[in-house]
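In this chain, numbering begins with 1 at the start of the sequence shown.
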Amino acid sequence: MWCKRNQRNEKIMKSFEEVEKVVKQTLSERRFHHCKCVMDRCIEFATLYGEDIEKAKLIGIAHDIAKEIPREKRIEEAEKVGVLLDEFEKNNKALIHAKHGAVICKKEFGFTDDMCEAISYHTTAKANMSTLDKILYISDFSEESRDFPEAIEVYKIAKKDLDKAYLYALVGKIKYMLDDRIEIHQDSIDAYNYVVSK
């Protein structure tokens, strides 16, 4: 579990317009543009693969809500709202925004657990990803402003086969980390092992 259990009653989910307004006020213009591009891909893939379009739209626009918290404050700010960070994440602060963003979306916007799960793992992935999880992961990897060859290829594949696109993106990320001698989070390793064992 990526956050402490909240014993209070669930909030009513905020409308897209309300969420978009907060995201726009919170993020830089460049990051907000990225979120809009991810949202467009999420809508496209949710339509193709029979997922809830409103949920996909919301997680797309809000997935990076915690991305621009200053690096030196990321651990403190995340733990303040109940995010459970492992030692790897504390040493690799670029990963913190995913779990932190999920908690913000739960507490501030009333997102459902499955939506928060997708946001929490949109960077590392995890074993046994749901369709909604994969949609956000692939959308973040292949949104239209990403013009590197792997992103373009993932998008092409995803229009025909979501699972193949997910594996292609996951392997691409892992290969990049191996080539650059970057540490790999256990969740990413578990995600890869789960997929190839099936």
Side-chain angles (χ1 to χ4, degrees), residues 13 15-17 19-20 23-24 27 29-65 67 94-95 97-98 101-102 105 109 111-180 182 184-185 187-198:
M13 196 173 350
S15 69
F16 173 77
E17 290 74 22
V19 173
E20 183 185 38
V23 173
K24 188 172 186 178
L27 299 177
E29 188 176 332
R30 178 178 165 276
R31 181 61 52 186
F32 180 65
H33 175 71
H34 162 71
C35 290
K36 286 181 73 176
C37 291
V38 172
M39 177 195 75
D40 289 341
R41 288 283 195 256
C42 283
I43 292 168
E44 181 179 356
F45 295 142
T47 303
L48 272 173
Y49 295 104
E51 277 294 310
D52 187 307
I53 293 170
E54 192 62 23
K55 284 184 177 183
K57 185 178 178 181
L58 284 162
I59 63 173
I61 199 68
H63 76 284
D64 269 352
I65 188 76
K67 183 78 171 182
L95 298 177
H97 78 281
C105 288
F109 304 147
F111 281 15
T112 57
D113 287 344
D114 57 335
M115 295 166 73
C116 294
E117 195 82 2
I119 292 169
S120 187
Y121 294 99
H122 81 266
T123 301
T124 60
K126 67 181 180 76
N128 198 19
M129 294 268 275
S130 70
T131 300
L132 190 64
D133 296 341
K134 291 173 189 172
I135 284 172
L136 181 57
Y137 186 85
I138 292 167
S139 297
D140 186 42
F141 188 92
S142 70
E143 54 95 342
E144 69 174 344
S145 69
R146 308 248 202 228
D147 58 2
F148 53 94
E150 295 84 357
I152 294 165
E153 187 62 22
V154 163
Y155 177 59
K156 285 181 188 173
I157 297 169
K159 289 192 285 186
K160 297 176 181 176
D161 190 318
L162 191 72
D163 289 332
K164 281 184 182 175
Y166 165 63
L167 179 58
Y168 192 104
L170 181 62
V171 169
K173 278 192 177 184
I174 290 172
K175 186 176 184 304
Y176 165 78
M177 289 184 279
L178 289 170
D179 289 346
D180 280 31
I182 296 170
I184 303 172
H185 194 283
D187 285 337
S188 300
I189 297 168
D190 291 344
Y192 174 79
N193 287 340
Y194 181 87
V195 174
V196 297
S197 70
K198 294 297 173 184

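The closest side-chain heavy-atom distance from Glu20 to Phe32 is below 4.5 Å. In this structure, the side chains of Leu178 and Ile184 come closer than 4.5 Å at one or more pairs of heavy atoms. At least one side-chain heavy atom of His63 sits less than 4.5 Å from a side-chain heavy atom of Cys35. Side-chain contact between Ile189 and Tyr192: absent, with no pair of heavy atoms (C-beta onward) separated by less than 4.5 Å. Residues Tyr168 and Ile138 are not in side-chain contact: their nearest non-hydrogen atoms beyond the backbone lie 4.5 Å or more apart. Glu117 places a side-chain heavy atom less than 4.5 Å from the side chain of Asp133.
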* To do: Dump the intermediate steps for side chain to side chain contact (heavy atoms under 4.5 Å, CB included) on Glu54 and Met13, then the final yes or no.
  => CA-CA 11 Å; Glu54 192 62 23; Met13 196 173 350; over 6 Å; no

* Lys36 and Lys24: side chain to side chain contact (heavy atoms under 4.5 Å, CB included), yes or no, with the steps? -> CA-CA 10 Å; Lys36 286 181 73 176; Lys24 188 172 186 178; over 6 Å; no

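By the 30° and 60° cut-offs, the orientation of the rings of Tyr155 relative to Phe45 is tilted.
Atom CG of Asp163 and atom OH of Tyr49 lie 8.5 Å apart (nearest 0.5 Å).
A donor-acceptor pair shorter than 3.5 Å can be found between the side chains of His34 and Asp140.
In this structure a side-chain-to-backbone donor-acceptor pair under 3.5 Å is missing from Ser120 to Cys116.
Checked against a 6.0 Å centroid threshold, the rings of Phe141 and Phe148 count as neighbours.
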